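Because the structure is a prediction, the values reported are computed rather than measured.
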Amino acid sequence: MTTTAPPALGRVLTVPGVYPPQYDSRLVAGALARERTGPGTAVLDLCTGSGVLAVRAALTGADVTAVDIARRAVWTARLNALLARVAIDVRRGDLAGSLRGLTFDLVVSNPPYVPAPPRRPARHGAAVAWDAGADGRTLLNRICATAPGLLRPRGVLLLVHSALCGVEETLLRLQRSGLHATVGDRARIPLGPVLRQRAPWLRAQGLLEHGQDEEELVIIRAERL
């Protein structure tokens, strides 16, 4: 488990409705830097958003594919790849739906994971980038189920989310899927604007303690043996 500060991400462009890189993106970037990537390494960035993680992997010479369901994210990731002068295959799709049986040495993902009060799921606007159902696990559970089919032997998944969503649940689901899963990095950060606004609801759900003004982010590292 690393205790060093995650790396800066450099210049990344975003547009309204696309998740701008924040501390969780930096945390994944730090974990990504410790994996062996380079020419001949196949990397997948699921829920790519701005494409920042895909760009960092591509800068090592890896063959990178990036996927997002939002058109604006796809356009933004392609733009950031152009600005960084790297080649990335950016696809619009619902997780692995656009990958047609492709497998990878490394899969990274910073998916939506913020618990949200029950309501009609957001289809437009900024909330699409972070709202993930009442327990924050709408995408996490699907990624846990999908990851084994995306990984080559000895392939690695790096997945970031808030501890509010249940770290043990993620580990258990990945282990049941046949992966060796552990917690890599942890970091405590102040609650952001969305969580602060939802704090009363989160406390009512038992997800946030009274007076708690921080959340813990975790990187789950899962390997296909």
- Message: In this structure, would Val108 and Val167 fall into the same cluster of hydrophobic residues linked by side-chain contacts under 4.5 Å?
- Response: yes

| said: Side-chain heavy atoms nearer than 4.5 Å, only ILVMFWY residues, links allowed to pass through others: does that put Leu53 and Leu102 together? | reply: yes

For Arg176, is the CZ atom crowded, meaning more than 12 foreign heavy atoms sit under 6.0 Å from it? no

- prompt: If you count the non-hydrogen atoms of other residues, nucleotides and ligands that lie under 6.0 Å from CZ in Arg36, is the total more than 12?
  reply: no

Please examine the side chains of Asp89 and Arg91, heavy atoms only from C-beta on, and report whether any two atoms are closer than 4.5 Å.
yes

Is the backbone N or O of Leu179 less than 3.5 Å from a side-chain atom of Ser177, with the two atoms forming a donor-acceptor pair by type? no

* Asked: With a 4.5 Å limit on heavy-atom distance, are the side chains of Tyr19 and Ser25 in contact?
  -> yes

Residues His161 and Gly166: closest non-hydrogen pair is CE1-O, 3.9 Å

Q: Please step through side chain to side chain contact (heavy atoms under 4.5 Å, CB included) for the pair Arg173 and Leu171, ending with a clear verdict.
A: CA-CA 6 Å; Arg173 285 177 177 268; Leu171 293 173; over 6 Å; no

Output for pair (Gln197 CD, Leu195 CG), nearest 0.5 Å, gives 9.5 Å

(Q) Any side-chain to backbone donor/acceptor pair from Arg196 onto Leu191? Under 3.5 Å, distance only. (A) yes

Q. Would you call Asp24 and Arg26 a salt bridge, taking side-chain N to carboxylate O under 4.0 Å as the test?
A. no

Closest non-hydrogen contact found for Ser98 with Arg92 is CB-O, 3.9 Å

*Is the closest side-chain donor-acceptor distance between Tyr113 and Asp131 under 3.5 Å?*
no

*Walk me through it: do Val18 and Val15 pass the test side chain to side chain contact (heavy atoms under 4.5 Å, CB included)?*
CA-CA 6 Å; Val18 175; Val15 299; 3.6 Å; yes

Output for pair (Leu158 CG, Ser109 OG), nearest 0.5 Å, gives 10.0 Å

- Query: Is the shortest heavy-atom distance from the side chain of Asn110 to the side chain of Val52 under 4.5 Å?
  - Reply: no

State, with a plain yes or no, whether a side-chain heavy atom of Pro115 is found less than 4.5 Å away from one of Leu202.
yes

- prompt: Would you find a donor on one side and an acceptor on the other, under 3.5 Å apart, between the side chain of Asp45 and the backbone of Thr65?
  reply: no

Which of Ile69, Asp68, Leu139, Val67 passes side chain to side chain contact (heavy atoms under 4.5 Å, CB included) with Leu95? It is Leu139

Exercise. Are Glu35 and Val156 side-chain neighbours, meaning at least one heavy-atom pair lies under 4.5 Å?
Worked result: yes

- prompt: Are Asp63 and Thr41 close enough that some pair of their side-chain heavy atoms sits under 4.5 Å apart?
  reply: no

Heavy atoms of Ala31 and Ile219 approach each other most closely as CB-CG2, 4.1 Å

Exercise for the section: Indicate, with yes or no, if Leu82 and Val90 share a hydrophobic cluster defined by side-chain heavy-atom contacts under 4.5 Å among Ile, Leu, Val, Met, Phe, Trp and Tyr. Expected result: no

Item checked: Hphob cluster co-occupancy, Tyr23 + Leu159, side-chain heavy atoms under 4.5 angstrom -> yes

Any donor-acceptor pair under 3.5 Å linking the side-chain atoms of Thr14 with those of Ser50?
no

Checklist entry - Does the side chain of Arg137 pick up a donor-acceptor pair with the side chain of Thr170 at under 3.5 Å? => result yes

If you apply the rule side chain to side chain contact (heavy atoms under 4.5 Å, CB included), what do you find for Glu215 with Ile189, and how did you get there?
CA-CA 6 Å; Glu215 66 169 326; Ile189 63 171; 3.8 Å; yes

Evaluate the side chain to side chain contact (heavy atoms under 4.5 Å, CB included) criterion for residues Val107 and Leu151: first the C-alpha distance (whole Å), next the side-chain angles of each, then the deciding distance (0.1 Å), finally the verdict.
CA-CA 7 Å; Val107 176; Leu151 292 173; 3.7 Å; yes

Minimal heavy-atom distance between Arg224 and Pro148, with the atoms involved, is NH1-O, 4.0 Å

Discussion item. A quick test of your reading: do over 12 heavy atoms of other residues, nucleotides or ligands sit less than 6.0 Å from CZ of Arg152?
Written reply: yes

Discussion item. Would the distance check show the side chain of Arg221 and the main-chain N or O of Ala181 forming a donor-acceptor pair, the cut-off being under 3.5 Å?
Written reply: no

The reported gap from CG in Leu208 to NE2 in His210 (rounded to nearest 0.5 angstrom) is 10.5 Å

Separation between CG (Leu46) and CZ (Phe104), nearest 0.5 Å, reads 8.0 Å

- Is the shortest side-chain N to carboxylate O distance from Glu223 to Arg154 below 4.0 Å? yes

Exercise for review: Considering only NZ, NE, NH1 and NH2 on the basic side and carboxylate oxygens on the acidic side, decide whether Arg34 and Asp185 come within less than 4.0 Å.
Suggested key: yes

Rounding to 0.5 Å, atoms CZ (Arg78) and CG (Leu83) come to a distance of 14.5 Å

In terms of heavy-atom contacts, Ile88 and Ala66 come closest through CG2-CB, 4.0 Å

- If we only count heavy atoms from C-beta on, is the Leu140 to Cys165 side-chain gap below 4.5 Å? yes

Taking every heavy atom of Leu32 against every heavy atom of Ala57, the minimum-distance pair comes out as CD2-N, 4.0 Å

**Report entry** Ile220 side chain near Thr182 side chain, heavy-atom distance below 4.5 Å
**Finding:** no

In this structure, CD of Glu209 is separated from CD of Glu214 (nearest 0.5 Å) by 11.5 Å

Q: Verify the cluster assignment for Val55 and Leu13: are they in a single hydrophobic cluster under the rule of side-chain heavy atoms below 4.5 Å apart?
A: no

